Number of protein chains: 2
Amino acid sequence: MASDSPKQHWSTAEEEIMEATYRALLKHGYADLSISRIADELDKSKAAIYYHYDTKDDLLVAFLEFAVDRFEETIETETGDEPPEDLEHVIEKLLPLQPDEEQRQLQAVLVGLRSQAVTNEVFREQFTQIDERLAATVRSIVECGIDDDTFRDVDPSRVAEHILATVNGAMYGRVTTDRKSAAAAARVSLASYIDSELRCRS
Amino acid sequence: MASDSPKQHWSTAEEEIMEATYRALLKHGYADLSISRIADELDKSKAAIYYHYDTKDDLLVAFLEFAVDRFEETIETETGDEPPEDLEHVIEKLLPLQPDEEQRQLQAVLVGLRSQAVTNEVFREQFTQIDERLAATVRSIVECGIDDDTFRDVDPSRVAEHILATVNGAMYGRVTTDRKSAAAAARVSLASYIDSELRCRS
DNA sequence: CAACACTTACTGAACGTTCGGTAAGTATCA
DNA sequence: TGATACTTACCGAACGTTCAGTAAGTGTTG
């Protein structure tokens, strides 16, 4: 009974399948993900999965949405009225100095999915949107800071892309290399850039 | 320290297989790569591949080396004696403002391989080394600049990680999203950061 | 220089396993 | 009783891998 209507909510069974897919991805990676392996992580049979999803591709697209939702939950943040602190706050959410295991796992899964965006259009559109939203968030904070003379008169969208690329790159390095302190070093340097190049000297 | 493996050179047949693997990866992506699909890109049979490589894993490890070699060829650069220009030069090699199709393809393949580093230790070690070398290159340029008073007295390794993360992140975004000008914007902002935060005011 | 032994670089046909997917049946409840 | 949410049993295709066989060389010997 896989409907193609815009669903915001998942049934219990569907949520269990998504959770099982998550575990299977962590264990085997995207390239070695199979319906059987998802069923192994599930208290149900392989065919039960096909009761809820017509094809493996359908399931994967649903899971992409599931993972993206989870990612956007973890970075939800209310912006205040002090741009430098807001920026710091957003960056800490995206690239914590000491990430917990849960967030590391989610990022590992997302990197696996994102690599599919090279070949798969549906995936690429999804990650294009994610980056678009993140860039917009950062840009609006920078614009805010320029308006109230906290920040200098820089190009907000260029600076936003710079910050986003740095954060994405550091996160990417964190899950694909053993260079333990690299991400934190990049973040510290980024913070000092914000503080001394971006902030007004007054 | 890494043991120096003697395999620097490939036979004609092996090179053909590597080239076919490259094409198959571009067409199908890592997750859907199979020996049959490599053979389809090759003027030889499936079994011929097994004459040269014992297992699919062996082939993949060999191909990783092949792709990494190709990547390091494209970014080879001699450093001069003017740090700001050297930095610009290295960044242009890694993240060209107008990348040609060949470089885009290589980066697409590398992103596919790199996502395997999350699950596969051999792959992770390889990409750890790549990032280590790149960071070292950037760091030594920054150190040079500090020594001859071109750059301010910043923390060279932090700045190097910042630059590397930005470049990696922008490249990652370039091949996994449709955000056409994002990478260039990030690069421009990074260049202006180098010019105004890093360079000495004198 | 021809006969023989042996190597290299393959081919085509299979092997057993796993894949994505389905058909038919069953237990549970409104 | 009929819809819902499954299970068991299975299908053909594709998977990685192996095998027997072979054409084209290379080196050795009479």
Side-chain angles (χ1 to χ4, degrees), chain A residues 1-5 7 9-66 112-113 115-116 119-123, chain B residues 6-7 9-64 66 112-113 115-116 119-120 122-123:
Chain A
M1 184 171 283
S3 86
D4 50 359
S5 58
K7 60 173 65 173
H9 186 256
W10 317 76
S11 74
T12 313
E14 282 166 344
E15 218 161 87
E16 280 168 12
I17 293 171
M18 293 295 100
E19 220 64 64
T21 305
Y22 190 90
R23 285 192 296 275
L25 268 176
L26 278 176
K27 260 192 201 164
H28 309 289
Y30 188 94
D32 297 319
L33 183 70
S34 71
I35 302 289
S36 297
R37 281 176 164 160
I38 296 172
D40 288 347
E41 300 294 322
L42 192 64
D43 207 27
K44 278 163 193 161
S45 70
K46 220 175 68 160
I49 294 169
Y50 279 98
Y51 178 78
H52 293 280
Y53 299 98
D54 287 343
T55 65
K56 191 192 181 188
D57 269 1
D58 283 358
L59 186 150
L60 254 19
V61 168
F63 180 77
L64 176 60
E65 206 190 322
F66 175 84
L113 293 179
S115 77
Q116 293 307 301
T119 327
N120 184 319
E121 229 193 282
V122 179
F123 280 51
Chain B
K7 176 96 66 121
H9 186 257
W10 318 74
S11 75
T12 313
E14 282 167 343
E15 218 162 87
E16 279 169 14
I17 293 171
M18 295 294 100
E19 220 65 65
T21 305
Y22 190 89
R23 286 192 296 274
L25 269 176
L26 278 175
K27 261 193 200 162
H28 309 288
Y30 188 95
D32 297 319
L33 182 72
S34 70
I35 301 289
S36 298
R37 282 176 163 161
I38 296 172
D40 287 347
E41 300 294 323
L42 192 64
D43 208 28
K44 278 162 192 163
S45 71
K46 235 172 53 160
I49 294 169
Y50 280 96
Y51 179 79
H52 294 280
Y53 300 97
D54 287 343
T55 65
K56 193 191 180 189
D57 269 2
D58 282 358
L59 185 151
L60 254 19
V61 168
F63 180 77
L64 176 60
F66 176 83
L113 294 178
S115 77
Q116 293 308 301
T119 325
N120 183 320
V122 179
F123 279 50

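Everything numeric in this text was worked out from a predicted model, so none of it was measured. A note on names: the letters A, B, ... follow the listed sequences, proteins ahead of strands, and every chain is numbered from 1. Computation of the quantities below employed the complete heavy-atom set of this structure, encompassing side-chain atoms and omitting hydrogens, waters and symmetry-equivalent molecules.
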Just the rounded figure in Å: distance from [atom2] of [N] to [atom1] of [X].
{"X": "A:His52", "N": "D:dT4", "atom1": "NE2", "atom2": "P", "answer": "12 Å"}
{"X": "B:Arg37", "N": "D:dC15", "atom1": "CZ", "atom2": "P", "answer": "6 Å"}
{"X": "B:Leu42", "N": "C:dA9", "atom1": "CG", "atom2": "P", "answer": "14 Å"}
{"X": "B:Tyr53", "N": "D:dT18", "atom1": "OH", "atom2": "C1'", "answer": "19 Å"}
{"X": "B:Leu59", "N": "D:dC15", "atom1": "CG", "atom2": "P", "answer": "15 Å"}
{"X": "A:Ile35", "N": "C:dC19", "atom1": "CD1", "atom2": "P", "answer": "10 Å"}
{"X": "B:Asp43", "N": "C:dT11", "atom1": "CG", "atom2": "C1'", "answer": "13 Å"}
{"X": "A:Ile49", "N": "D:dT7", "atom1": "CD1", "atom2": "P", "answer": "10 Å"}

Suppose we call a contact any N or O donor and acceptor under 3.5 Å apart; does that hold for the side chain of A:Lys46 and the base of C:dG21?
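Checked by distance alone, the answer is yes.
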Does [N] have its OP1 or OP2 closer than 4.0 Å to a side-chain nitrogen or oxygen of [X]?
{"X": "B:Tyr51", "N": "C:dA9", "answer": "yes"}
{"X": "A:Ser36", "N": "C:dT18", "answer": "no"}
{"X": "B:Thr55", "N": "D:dG16", "answer": "no"}

Show every donor-acceptor pair shorter than 3.5 Å between a side-chain atom in residues 20-33 of chain A and any protein atom, with sequence neighbours excluded, or say none if there are none.
| residue | atom | partner | partner atom | Å |
| --- | --- | --- | --- | --- |
| A:Thr21 | OG1 | A:Ile17 | O | 2.8 |
| A:Tyr22 | OH | A:Leu106 | N | 3.1 |
| A:Arg23 | NH2 | A:Glu41 | O | 2.7 |
| A:Lys27 | NZ | A:Glu41 | OE2 | 2.7 |

Pair B:Lys44, B:Ile49 - check side-chain contact (heavy atoms from CB on, under 4.5 Å), show working.
CA-CA 8 Å; B:Lys44 278 162 192 163; B:Ile49 294 169; over 6 Å; no
Side chain of [X] only, heavy atoms from C-beta on: which candidate in [options] is closest?
{"X": "B:Tyr50", "options": "D:dA5, C:dG20, D:dG16", "result": "D:dG16"}
{"X": "A:Lys56", "options": "D:dT17, D:dT7, C:dG20", "result": "C:dG20"}
{"X": "B:Ala47", "options": "D:dG16, C:dT11, D:dC6", "result": "C:dT11"}
{"X": "A:Lys44", "options": "D:dT8, C:dT11, D:dC6", "result": "D:dC6"}

Test side-chain contact (heavy atoms from CB on, under 4.5 Å) on A:Phe66 and A:Glu14; report intermediate values, then the result.
CA-CA 10 Å; A:Phe66 175 84; A:Glu14 282 166 344; over 6 Å; no
Derivation of the side-chain contact (heavy atoms from CB on, under 4.5 Å) call for A:Tyr50 and A:Leu59
CA-CA 9 Å; A:Tyr50 279 98; A:Leu59 186 150; over 6 Å; no
At under 4.0 Å between heavy atoms, what does A:Ser45 touch on the DNA or RNA strands: base, sugar-phosphate, or nothing?
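Base, at least one base heavy atom under 4.0 Å.
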What contact category does B:Ile38 fall into here, base, sugar-phosphate, or nothing, at under 4.0 angstrom with non-hydrogen atoms?
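The answer is nothing, as B:Ile38 stays clear of every strand by at least 4.0 Å.
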Nearest heavy atoms of A:Ala62 and A:Trp10, plus distance in Å
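The pair with the smallest heavy-atom distance is O-CH2, 3.2 Å.
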